[in-house]
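So the structure is just underneath, and the comments pick up after that.
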Amino acid sequence: MRTQTDEGYLPALGSRQIQMIAIGGAIGVGLFLGAGGRLAAAGPALVLSYAAAGVAAFFVMRALGELVLYRPVSGSFVEYAGEFIGPWAAFASGWMYWINWAFTGIAELTAIAAYVHYWAPAFPQWLTAVLALTVVMTVNLLSVRLFGELEFWFAMLKVLAISVFLVVGLVLVVFAVGQAGPHNLVSHGGFFPTGFPLVLMSLQSVVFAYASIELVGITAGETARPREVMPKAINGVVWRIAIFYVGSVLLLGMLLPWTSYEAGTSPFVTVFSGMGVPWAADAMNLVVITAALSSCNSGLYATGRILRSMAMKREAPRFAGALSSRHVPIGGIVFTAAMFLAGLVLFYFMPERAFNIATAVASLGVITTWGVLVYCQLRLRRTGHRSDFPMPGTPWTNWLTLAFLALVVLLMPFADADQRLAFYLVPCLFVAIAVGWWRRTVYRRRAPAQAEA
């Protein structure tokens, strides 16, 4: 019989599942689908964007690692923000993280609908999205063990697909098969065929590609032996970023001229189709759908725990704090699923832009989360705490990472229309969160007075 944690959860996730959840968090639709359009826009120099964002992601994960070993908790960065910055920071970061996953889920569901449409063009795309949402919501509501098992196999499929691509692609480049070769990195206009500014403008979508690597920190509260498991899982993100992301984009740039790629088409499908492999498109279609399902699955898991943590402090709707008999935060999961469903209206009215708009808005939540983690680790160090798993280069690396994240946001209004729309939503989000915090403060002031009366 497993003992409950202080938060009411069961430590049902083992080392095998945590390792694969960490891997799955580092491989998503942002790479499988988004890299094609960005290669078409920025050219081979896109690899620089992935490398720069990868360095920032590494420091974010090491900051997370130090915080998790200091205090493993399912509330993750929301709890750390409350402790090291203040209650208002916990409130704001919690809701920004929810916004991240709400819009990420919308993006992933639209991707699933589009890719199932490839196989069944007569089947309604909105119904595909609803069915996919039903599946992942059911999995999350049943048990955390089932969630962990599903993520384990989702991650296995993604890792297998990327590994096969890396091996095959490397062989093609080394033996100069067909068009493959390093010359593609500088042909067709050079390494910066569309200019360096477009490489900078691609940073937002690249940051989204790395989104959810911090999910492993939220699993800490339901992990057996977190102080042993977490450092291994977090350290593994470094080589996964180098190999899976930077390595894949570099190979994509060498396998075909950058002009061969296009938005809305997986660059991996483009490569394998160019090789004349008849089943490649179907195989990669399955992988992309799996990656999207994995992301929705993770989003419901993460937001369920975060919302419950906030609801227990009366910073989210009370029903979001409900815990089922299976020790699953049923209220938070259903709340996020309802947002996923409502967001599909965007897909109905703007099917061509829905994915890019959703990912751009989601990136604002990713950047907020990363910034909070890095700053909280900085404040933790200022208390005199010394960790067995320290973040390298602190405090200098903290400030450099925060500066990088600020740059990504500041570049958004100068990019495409979808990023501009997301940037213009920032004041709206700020006002909504400020109003929410004000109402929370007023409620807490009135509660004692009503109790006395």
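When reading the values below, keep in mind they use all heavy atoms of this one structure, side chains included, and skip hydrogens, waters and symmetry mates.
- Taking the six-membered ring where tryptophan is involved, the planes of Tyr245 and Tyr50 are essentially parallel, since the angle between them stays under 30° and well short of 60°.
- Counting only distance, with no hydrogens or angles, the side chain of Tyr115 and the backbone of Ala292 share no donor-acceptor pair below 3.5 Å.
- Between Trp258 atom CH2 and Ser187 atom OG the span is 10.0 Å, to the nearest 0.5 Å.
- Between Ala63 and Met391, the shortest heavy-atom distance links the atoms CB-SD, 3.7 Å.
- Between the Ser248 side chain and the Ile162 main chain, no donor and acceptor come within less than 3.5 Å of each other.
- Under 3.5 Å, the side chains of Gln179 and Asn184 contain no donor-acceptor pair of N or O atoms.
- Tyr375 places a side-chain heavy atom less than 4.5 Å from the side chain of Trp399.
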When you look at Phe192 and Leu198, which way does the side-chain contact (heavy atoms from CB on, under 4.5 Å) test go after all the steps?
CA-CA 9 Å; Phe192 295 95; Leu198 279 178; over 6 Å; no

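- Summarising the geometry, atom CH2 belonging to Trp153 is positioned 11.0 Å from atom CG belonging to Leu160; distances are rounded to the nearest 0.5 Å.
- Here the closest non-hydrogen pair linking Leu307 and Ala316 is O-CB, 3.9 Å.
- Ring-plane geometry between Trp95 and Phe335 is classed as perpendicular, the angle between the planes exceeding 60 degrees on a 0 to 90 degree scale with a lower cut at 30.
- Put simply, the side chain of Val116 does not reach to within 4.5 Å of the side chain of Gln125, judged on heavy atoms.
- Here the shortest heavy-atom pairing between Ala113 and Thr128 reads CA-CG2, 3.9 Å.
- A donor-acceptor contact under 3.5 angstrom links the side chains of Ser205 and Arg38, judged on distance only.
- Panel note: side chain Thr336, backbone Leu300; no donor-acceptor pair is recorded below 3.5 Å.
- Here the CG atom belonging to Leu380 is positioned 9.5 Å from the CZ atom belonging to Arg386, to the nearest 0.5 angstrom.
- In Phe59, the CZ atom is crowded: over 12 heavy atoms of neighbouring residues, nucleotides or ligands sit closer than 6.0 Å.
- Summarising the geometry of Val68 relative to Tyr80, their closest heavy-atom pair is CA-OH, 3.4 Å, with the distance given to 0.1 Å.
- In terms of modelled atom types and a separation under 3.5 Å, the side chain of Ser363 and the main chain of Thr359 share a donor-acceptor contact.
- Nearest heavy atoms, Met412 versus Gln204: CE-CG, 4.1 Å.
- The ring of Phe84 has its center closer than 6.0 angstrom to the ring center of Tyr70.
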Let's go through Leu252 and Leu39 carefully: what are the C-alpha distance in whole Å and the side-chain angles of both, what is the deciding distance for side-chain contact (heavy atoms from CB on, under 4.5 Å) to 0.1 Å, and is it a yes or a no?
CA-CA 9 Å; Leu252 287 169; Leu39 272 168; 3.9 Å; yes

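- With a 4.5 Å cut-off on side-chain heavy atoms, Phe208 and Thr104 count as touching.
- Looking only at distances, no side-chain donor or acceptor of Glu66 sits under 3.5 Å from a matching main-chain atom of Arg381.
- Within 6.0 Å of CZ on Phe123 lie more than 12 heavy atoms contributed by other residues, nucleotides or ligands.
- Trp88 CH2: 12 or fewer foreign heavy atoms inside a 6.0 Å radius.
- Atom CG of Leu373 is separated from atom OG1 of Thr401 by 11.0 Å, given to the nearest 0.5 angstrom.
- Checked by atom type and distance alone, the side chain of Ser49 pairs as donor or acceptor with a backbone atom of Val199 at under 3.5 Å.
- Between atom CG of residue Leu286 and atom OG1 of residue Thr290 there is a gap of 4.5 Å, rounded to the nearest 0.5 Å.
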Please assess Val271 against Phe165 for the test side-chain contact (heavy atoms from CB on, under 4.5 Å), listing each intermediate value before the final yes or no.
CA-CA 9 Å; Val271 168; Phe165 167 76; 4.3 Å; yes

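- Shown here for Val136 and Leu293, the closest heavy-atom pair between the two residues is CG1-O, 3.7 Å.
- Here the side chains of Phe268 and Val164 are not in contact, with every heavy-atom distance at 4.5 Å or above.
- For the pairing with Val173, the side chain to side chain contact (heavy atoms under 4.5 Å, CB included) check across Leu251, Leu250, Val168 returns one residue only, Leu251.
- With rounding to the nearest 0.5 Å, the separation of CG in Leu364 from CG in Leu425 is 8.0 Å.
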